[in-house]
Amino acid sequence: MAINPNIENELVSFNLNGEAVFAEEGETILQAAQRHGVEIPHLCYSERQGQDGNCRACMVEIDGERVLAPSCCRYPSEGMKVDSQSQRALHSQKLVLEMLKSDVSEQPHTLNSELDYWAGKLEISTPRFKPRKQAPADLSHPGIAVNMDACIQCTRCVRACRDEQNNDVIGLAMRGNHTEIVFDLDDPMGESSCVACGECVEACPTGALMPANDVAMVEPDKKVDSVCPYCGVGCQLTYNIKDNKILYVEGRDGPANHGRLCVKGRYGFDYVHHPHRLTKPLIRRDDAPKTPDFSMDPNDIDKVFREATWEEALALAAKGFVDIRDSAGPNALAGFGSAKGSNEEAYLFQKLVRVGFNTNNVDHCTRLCHASSVVALLECLGSGAVSNPVSDVDQAEVIVLIGANPTVNHPVGATWMKNAIRNGTKLILMDPRGTELSQQATHHLQFKPGSDVPMLNAIMHVIVEEGLVDKDFIADRTSGFDEMKRHLQKYTPELMEPVCGIPAETLREVARLYATSKGSMILWGMGVSQHIHGTDNARCLISLALMTGQIGRPGTGLHPLRGQNNVQGASDMGLIPMCLPDYYKVDDDEARGHMEALWGGKIDSKAGLTVVEIMDAIHAGNLHGLYIMGENPAMSDPDANHARQAMSELKHMVVQDIFLTETAYLADVVLPASGFPEKTGTFTNTDRLVQLGRQAIDPPGDARQDLWIIQELAKRLGLDWNYQGPADVFAEIRKAVPSMGGITWDRLEAEHSVVYPCEQEGDPGEDVIFTQDFPTASGRGLFVPADIVAPDERPDDDYPFVLITGRMLEHWHTGSMTRRSNVLDALEPEAVATINPITMDEMGVKPGELITLSTRRGSVSVLARADIGVPTGAVFMAFCYYEAAVNKLSNPALDPAAKIPEFKYCAVNVTPGGEPMQFYSYGGGQSKNQLV
C-alpha cells in the first residue's frame, strides 16, 4: 500500500484530464476522480476493501513521469497533471481488461459483473488471448457458490475475509501463473472453516463468489432498505425482492455494521416463505384437549385446530380475556410481548395489558437474558442503557469481555473487537469456555463456572490496595466507596485463587492493566446475567468502572450486549412488569399520572409478575388467561416441562405468531402475524440506535400485521384506539418516552437511524452517556458491594457435570425462524452438545455418537461434539432444538433482585447412548427440521 505524502494537507489542487480539481485529505487520485464524477476503471479497489494495486486496470498517465501509475494507490501532489484518458493510459486500461476477460468464462454468474461493466465502457470485444484452464465450480457450500472460472484474483475476497471480518479463511496459494484463491488448505468451501458471513460474496466484482442457487442471475423488482431481525447489533441491510419474494440480502452502511453482515443476517431470510407459515386464524377444536406432548406430525394439525375467520377468532380471543377479567379479576390475566417485534408493537402490547387487562402482568424475554444487568445498572447508575456503542472498542486501550461469545452471538460486533485487537488493543477475556477470541486475548481468565464475584472482587481488591483508583472521579461522581473499600479487604487474590481458579498474580496483572489504561471498556453477555447472582455480577462490573473512572468517555464504559434485535427497545417501551415506558416505576404516582392522562385509562400501582412467576401463578391457580405475541416460552423458559404444563392448564391462551410454535400448539386461539420483512417499524439496537425497518414484502394469505392485530383485539376489550400506522404510534411514544422525544418519524425516514438520548428535535443524540453525571437522584454513581453466592445447584455424585446453555452461530433463540431457513439449517441440521475431548475419552464416547443429558427436571438425547474450549466437567448446549429442548433441563431458580433464572449453571449427568431423536422434514428443504 502506498504511503500518502499529503496527510498533513487539507486540500491538494491538481489537474485531471485538463480540468482543475482538488483532493481531500487522504484521497487517492481514483477517489478524487470519483468524487468529481470522472470514471476510471478499477477492480481490485473498492470503498470497503480499500486499495491493493494488483489488477492495474486503473492506470493513469502523470505528466513528467516515465511510467504509468495505478490511480487507486497514488496520491496527488500540488500542481500534478493527471490524464486518465490519454492514448497511453487508455491502451493500458484496455489491455488489462482484455487479458482479464480472456481468463474468465463466457458464462456469467452475476448480472452485476464489474469486469463486464468496465469492458463495455471501454468497448472491448472478444479477447484475443488464449484463456487459462478453467477450474470446476465448487458447490459444496449451501449458501455460497464458488465459480473460479470467473475469478480475476483481485483479492477483494481475501481482504474482506482477513481485514474486515478477521476470519482468515480465504488466501492466495501457489506462485506465478499457478496462483489461485483457496479456502484454508485448499479445501472445498463447504468443508473449510468458513463461517458464511458472505463478505467475500459482497466483495467479489465478477461472480466468482455468489449466492447459491443462481439468485444473482435474477433481476430484482425492487430493493428495500431495512435492518436485520436477529441479534442486538442492529445491522442495516437491503432486501432484493422479486415477485414478493426475497432473493438475497446485502449489507448496508449503517452505524453498527458499515456494510457487514453475519451468516444469519445474510442467509436467514427465507423463513418468511416457508410452507409452515400461518395464513389463517386457528381455533382449538372442542375435541382436542391441551397436552404438552408435541409428538405430532405437522400434517395432523387439523386434528387439533380448525380454521376461522378473523372476526370469529378475535371475538373469541377477546371474550375469553373479558370473562376472566370480570370473574377472577385483572391480575388473573397476563401478557408476554416480544423483543423481536418493533417498538410500536411493544408499546401497544404493554399498553393493552395495562389499560385493557388492567394489570401490570406483562413481560418479555429480557427477563430471561439481561434483567439482572438492567436491575444493577438502574440501581447503580440510574439507567439501564449501555454507556458506549460496541464500535467504541476501536478507541479503547483495553477491552474486558466477560460471559459473552460475540463471534457466535454478535458476530458483526465481534469484528470491531477483532479489528481493534489487530490494531493493538489488549483483550482481557473472562470466560469458563475457550472461544475464538481466546486465541487473541492478552489474558484469558478461564475461571470456574459461577465464580464471577470472587474473581471480580479480587481484581478490585488489587486496584484499591495498590492505589490504582481514580480518586477525583470517586470524590466527584460516586457514593458508597468507603463501604466498598472495607468490603473488599477480605477478597485478596491469594484467598480467591482456589475459589475462582485463576492464579493470584494473573488477577493482579489484569487489575493493573484495566485500571491504568487510558481507556478500558467492559462488555458482557448472558454468561454474567443468567445466574442467581447475576445482579451481583453486574454490580461488580459497574463498581470496577466507577472506582477507576473508566466510564463517561469514548473507549470506556459498560456495555451489556443485547441478545435480540429489539430487546433494548421493548424494555424502553415498558414491556416489563415493574416499569412504565422509559423505566418509570409503576408505583411512581407522578409518572403513572402522566401515562394515565396520555392513555385515558387507570394503571395499577402494583408491579406485575415476571415470566417465571406467571408460570408459577398458573400452577397455583391464580392466573387463568395469557396473551403471547411472538414469544416461545415452551422452548425458552427454564424447566420447560414446567412451563408447558402451566400453559396447558390455562383456561384461555391466545398466541400471535408466524408459525405454529411449540407454544402456539397449546393455544386456544392462534392469530397469524407478520414476519419481520412484512411490516414497518422502529427497532432499538444494543447501542441505543433507533432504526427504521421497512416493509419489503406482503404477509402470506390472511396473515395480518401485528399492529393491526393488537389494535383490533384492543377494540374488542373496550379500548377506543384508531392508529393509522406505525408513524402514529411512534408519535405517541415520543410523548411517553422523553429520552426519544427529539426523534421524529420524518427524521428516521431520512437518516435511517438516530441514537438516544435525543430529547429535543434537531439534537444529534448521545453516543456516549454519563459524561458529566449519572441520572440518579444525587447525580452520582453508587457502589454496591457483592458477596459470594454459590450457584443454586452444584454437581454431586448423581449429577457430576455442569450444564451451560446458550446459542450457536447458525441458529438463533428457539430456532423457530433459523431452523426454517434452508442455508442455516443445512449448516447445522442436528441437535448437538459440546464436550471437552478429554471428558469424551473418559466416557468412551466418540464425536457424532448419541449421548443423554439428565438433570433433576428431565433428560434429552443429543449428538456429542468435541470442543476443547469447553472445560472438563462441563457440557454446553444451545436451546434452539425442538427435538432436544435443553431448557427442559435448566434450573428455574431465580436471582432475588432481577427474577432471572439460572440458565448458565445446573448439575447434569452425561451418559453414552439414549433414545434416537425424532425429526420431521420441512418438505422441500435441504435438511431435517423441527416439528412445529
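This chain uses plain numbering: 1 for the first residue, then up along the sequence.
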Check whether the side chains of Asn566 and Ser342 place a donor and an acceptor atom closer than 3.5 Å, and report yes or no. no
Listed partners of Phe676 passing ring-ring contact (aromatic ring centres under 6.0 Å, His included), at least two apart: Phe683
State, with a plain yes or no, whether a side-chain heavy atom of Val263 is found less than 4.5 Å away from one of Val195. no
If the threshold is 4.0 Å, N to carboxylate O, is there a salt bridge linking Arg156 and Asp52? no
Between Asp184 and Ser193: side-chain donor-acceptor atoms closer than 3.5 Å: yes
A side-chain contact here means heavy atoms from C-beta on lying under 4.5 Å apart; do Pro847 and Arg865 qualify? no
State, without any angle test, whether Gln564 and His813 hold a side-chain donor-acceptor pair at a distance under 3.5 Å. yes
Would you find a donor on one side and an acceptor on the other, under 3.5 Å apart, between the side chain of Trp812 and the backbone of Lys264? no
Are the charged groups of Asp225 and Arg252 less than 4.0 angstrom apart, N to O? yes
With distance as the sole test, does Ser438 use its side chain to make a donor-acceptor pair with the main-chain N or O of Leu429 at under 3.5 Å? no
Evaluate the salt bridge (Lys or Arg N to Asp or Glu O under 4.0 Å) criterion for residues Asp270 and Lys245: first the C-alpha distance (whole Å), next the side-chain angles of each, then the deciding distance (0.1 Å), finally the verdict. CA-CA 9 Å; Asp270 55 337; Lys245 186 173 183 179; over 6 Å; no
For the residue pair Gly268 and Ser821, what are the closest heavy atoms and their distance? CA-OG, 3.5 Å
Distance only, no hydrogens: is a donor on one side chain within 3.5 Å (strictly under) of an acceptor on the other, for Tyr881 and Glu830? no
Polar contact flag, side-chain donor to acceptor under 3.5 angstrom, Asn685-Arg562: no
Is the shortest distance from a Lys or Arg side-chain nitrogen in Glu678 or Arg277 to a carboxylate oxygen in the other one below 4.0 Å? yes
Answer yes or no: is there a side-chain heavy-atom contact under 4.5 Å between Asn166 and Asn419? yes
Can the positive tip of Arg433 be found less than 6.0 Å from the middle of the six-membered ring of Phe876, inside 45° of the ring normal? yes
Is Lys418 salt-bridged to Glu436, going by a charged N under 4.0 Å from an acidic O? yes
With a 4.5 Å limit on heavy-atom distance, are the side chains of Thr206 and Cys151 in contact? no
Identify the heavy atoms of Met635 and Cys880 that sit nearest to each other, and give their distance. CE-C, 4.1 Å
Check ion pair Glu199-Arg260 (N to O, under 4.0 angstrom): no
To the nearest 0.5 Å, what is the distance between CZ on Arg266 and CG on Leu824? 12.5 Å
Glu39/Lys121 salt bridge by N-O under 4.0 Å criterion: yes
Decide salt bridge (Lys or Arg N to Asp or Glu O under 4.0 Å) for Glu164 and Arg159; before the verdict, give the C-alpha distance in whole Å, the side-chain angles of both, and the deciding distance to 0.1 Å. CA-CA 7 Å; Glu164 285 191 82; Arg159 286 173 278 148; over 6 Å; no
Taking atom types as modelled, is there a side-chain donor on Gln236 or Gln691 under 3.5 Å from an acceptor on the other? yes
